[in-house]
Amino acid sequence: MIRWAAVGGGKMAAALLRGAQAAGILEPAQIAVAEPVEQLRRQWEQAGCQTVADASQLPEAAAYLLCVKPQDLAAAAGQLAGSRNLAKALTVSIVAGARVETLTRLLDSSLIVRTMPNTPAQIGEGCTFAYAAPAAVAGKEPVGQLFASVGKLLWVERENLIDAATAVAGSGPAYAFALIEAMTAAGKKLGLE
């Protein structure tokens, strides 16, 4: 049985699902990924996961993971919701700025958990903030297992705190990396190795 089906197979989906595999929480056969980019699909196939080109082709799963860019959310959600009834399946979103109200409308489901992981999850040192819609509180355990496999998971009681976490913890490391890169470049320009 597919435990987690990801809509989008990019860097963050890879960090989360491969982190869960490394932690012994998931086996490749329990993962399905909908990814339109053929090269990424091949990488998932080589890892032993089931792959499809778009979300409408995903098999039924215990939970779905939305890992798309905000501008691709409506189309991806339409593919996913248009091919199945999501009323009993947990859906977890890492889509920046996508509120539970929007996700509920797009997916026709109230079993929504909104999260904001950050890039250090790619090396198992991430910090993820999560908010469970009232109907999805029972889904905290599988979400906790998945995200704890790549770092810390912090649950918030109010959804607006996810927006604050996005600004600070989600985007913050990128600004720190940009500063370090600029300092490195300046040092090299001044003759340092």
Side-chain angles (χ1 to χ4, degrees), residues 1-10 12-13 15-17 19-20 25-26 30-36 49-50 52 54-118 121 126-170:
M1 161 153 191
I2 300 299
R3 287 180 54 198
W4 284 95
V7 180
M12 195 54 71
L16 293 168
L17 296 172
I25 295 166
L26 285 175
Q30 298 173 313
I31 298 170
V33 179
E35 173 54 55
C49 302
Q50 183 176 341
V52 294
D54 71 62
S56 68
Q57 302 166 331
L58 279 171
E60 294 292 326
Y64 296 89
L65 185 62
L66 290 175
C67 300
V68 297
K69 303 276 188 222
Q71 63 269 24
D72 299 328
L73 175 61
Q79 291 172 352
L80 185 62
S83 61
R84 74 203 70 237
N85 181 350
L86 295 172
K88 294 184 180 178
L90 181 68
T91 302
V92 179
S93 170
I94 69 165
V95 181
R99 301 193 57 77
V100 167
E101 177 184 341
T102 301
L103 295 164
T104 298
R105 179 178 44 79
L106 291 172
L107 299 167
D108 195 24
S109 172
S110 58
L111 296 176
I112 306 291
V113 174
R114 182 179 171 200
T115 69
M116 181 44 57
N118 57 14
C127 180
T128 301
F129 287 83
Y131 168 78
V137 171
K140 282 186 170 184
E141 184 179 340
V143 172
Q145 288 179 338
L146 180 67
F147 285 88
S149 71
V150 295
K152 293 182 180 181
L153 174 66
L154 303 163
W155 289 97
V156 296
E157 296 299 317
R158 296 187 330 266
E159 183 181 7
N160 67 329
L161 294 175
I162 293 291
D163 297 324
T166 300
V168 177

Set of residues satisfying side chain to side chain donor-acceptor pair (under 3.5 Å) with respect to Ser56, sequence neighbours excluded: Asp54

Check: Ser109 side chain, Leu86 main-chain N or O, donor-acceptor pair, under 3.5 Å: yes

Pairwise distance OH(Tyr131) to CZ(Arg99) - rounded to 0.5 angstrom: 9.0 Å

Closest approach of Ala55 to Ser83 (non-hydrogen atoms, all atoms of both residues): O-OG, 4.1 Å

Glu157 atom CD, neighbour heavy-atom count above 12 within 6.0 Å: no

Which atom of Leu58 lies closest to which atom of Ala32, heavy atoms considered: CD2-CB, 3.9 Å

Glu159 atom CD, over 12 foreign heavy atoms within 6.0 Å: yes

Atom pair CE (Met12) and CE (Met116), whose distance is rounded to the nearest 0.5 Å: 8.5 Å

Greater than 12 external heavy atoms within 6.0 Å of Asp72's CG: yes

Check against side-chain contact (heavy atoms from CB on, under 4.5 Å), Trp155 and Val137: CA-CA 11 Å; Trp155 289 97; Val137 171; over 6 Å; no

For the student: nearest non-hydrogen atoms of Val95 and Leu66, plus distance: CG2-O, 3.9 Å

Exercise: identify the closest heavy-atom pair between Gln30 and Ile25: OE1-O, 4.1 Å

Shortest non-hydrogen contact from Ala133 toward Val100: CB-CG1, 3.8 Å

Reference residue Phe129; test side chain to side chain contact (heavy atoms under 4.5 Å, CB included); the match among Asn118, Thr166, Ile162: Ile162

CZ-CG distance between Arg3 and Leu90, expressed to the nearest 0.5 angstrom: 12.5 Å

Atom pair CZ/CG of Arg84 and Leu107 - distance to nearest 0.5 Å: 11.0 Å

Check: Val150 and Pro117 side chains under 4.5 Å, non-hydrogen atoms: no

Value rounded to 0.5 Å, distance of CD1 in Ile112 from OG1 in Thr91: 4.5 Å

Side-chain heavy atoms of Val92 within contact of Leu146, under 4.5 Å: no

Test: Arg158 and Asp163 ion pair at under 4.0 Å: no

Shortest non-hydrogen contact between Ala98 and Leu103, atoms and distance: O-CD1, 3.6 Å

CD-CZ distance between Glu101 and Arg114, expressed to the nearest 0.5 angstrom: 11.5 Å

